[in-house]
Amino acid sequence: MGNEAENESSNDRYYAAGVNYQKGALQLVAVVDYVNEASTEGEQDDMMTINVGGNYDFGVAKVFAGAQYFKNADNPVGAMDTLNDGLYEFTGYKAEHTCDDAKGYAVTFGVSAPVMGGEFAFGGTYVDGEGTVLGPRVSQGLAVTDALKHDFKAWNLGAYYTYNLSNQTYVYAIGGYTDMEASSTDGVGGFESASFGFGLVHSF
């Protein structure tokens, strides 16, 4: 009945529904979640995501795929905070901001398979959307609240490999790359990130 103890119009209300189907090597899932925004919070639009995905085990490899549509998200998508900060370098916006109407879609894929006695997995994601950043902006030497409409795109790739040395010990290696960009009539901002790691895990 809301995010507070009492059922009042000042509460956000969240609900979701999902379905899962599995037959043999095939598994499918669909989930819809929705937030009914508090009616006393101005003109905020209700939030919604629609998610579908599945996987199929071919025996030699398992393939995964999924998609999401999001509308009026009140939280920055992924690392959108960092991405918007890069955009501010061109627009004069400051770090204090909100992004409460992001909408767009995302798709993801992946595959895992046994390789050389271990387990290898590889996957990627692509996001495309638009939103409005609200926050203070320096205009003619004065800080004013302004709105910046922008488009954003992002993609990333990642992979990992694990190998069991025993029932209690395994080694792993991971790597990933991310590229994000936001653009508006005032400029373009973005960032790239690459990472790599390896390690050993032992269970006592």
Show me, pair by pair, the donor-acceptor contacts under 3.5 angstrom made by side chains of residues 190-204, not counting sequence neighbours?
unit_1: Glu192; atom_1: OE1; unit_2: Tyr177; atom_2: OH; d: 2.3
unit_1: His202; atom_1: ND1; unit_2: Thr169; atom_2: OG1; d: 2.5

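Surrounding OH of Tyr161 are more than 12 heavy atoms belonging to other residues, nucleotides or ligands, all under 6.0 Å away. Atom CZ of Phe64 sits in a crowded spot, with more than 12 heavy atoms from other residues, nucleotides or ligands closer than 6.0 Å.
With rounding to the nearest 0.5 angstrom, the OG1 atom of Thr49 is 5.0 Å from the CD atom of Gln68. Here the OG1-CG distance, from Thr125 to Leu157, works out to 8.5 Å after rounding to the nearest 0.5 Å. Once rounded to the nearest 0.5 Å, the distance linking CH2 of Trp155 with CE of Met180 reads 12.5 Å. Between the OH atom of Tyr69 and the CE atom of Met48 there is a distance of 5.5 Å, given to the nearest 0.5 Å. One finds the CG atom of Asn167 at 13.5 Å from the OH atom of Tyr170 (value rounded to the nearest 0.5 Å). Rounded to the nearest 0.5 angstrom, Gln27 CD and Asn55 CG are separated by 5.0 Å.
Using a 4.5 Å heavy-atom cutoff, the side chains of Phe122 and Tyr160 are not in contact. Val127 has its side chain within reach of Phe70: a pair of non-hydrogen atoms, C-beta onward, lies under 4.5 Å apart. Leu165 places a side-chain heavy atom less than 4.5 Å from the side chain of Val171. Side-chain contact check for Pro114 versus Phe120: every heavy-atom pair is 4.5 Å or farther apart. Looking only at side-chain heavy atoms (C-beta outward), Val31 and Val29 come within less than 4.5 Å of each other.
Thr108 places no side-chain N or O within donor-acceptor distance of the main-chain N or O of Gly66, the cut-off being under 3.5 Å.
Heavy-atom minimum distance, Val107 versus Ala67: CG1-CB, 4.1 Å. Contact between Lys153 and Tyr126 at its shortest, heavy atoms only, is CD-OH, 3.6 Å. Pairing each heavy atom of Leu28 with each of Asn20, the nearest pair is O-OD1, 3.2 Å. Shortest non-hydrogen contact noted between Val52 and Ala30 is CG1-CB, 4.1 Å.
Between Asp57 and Lys62 there is no salt bridge, since none of the side-chain N atoms of the basic residue sits less than 4.0 Å from a carboxylate O of the acidic one.
By the 30° and 60° cut-offs, the orientation of the rings of Tyr15 relative to Tyr34 is parallel.
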Query raised in the report: Going through the checks in order, is the side-chain contact (heavy atoms from CB on, under 4.5 Å) test met by Met47 and Tyr14?
Result: CA-CA 9 Å; Met47 296 175 290; Tyr14 171 82; over 6 Å; no
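Linking ILVMFWY side-chain heavy atoms closer than 4.5 Å, directly or via other members, places Met116 and Tyr172 in two distinct hydrophobic clusters.
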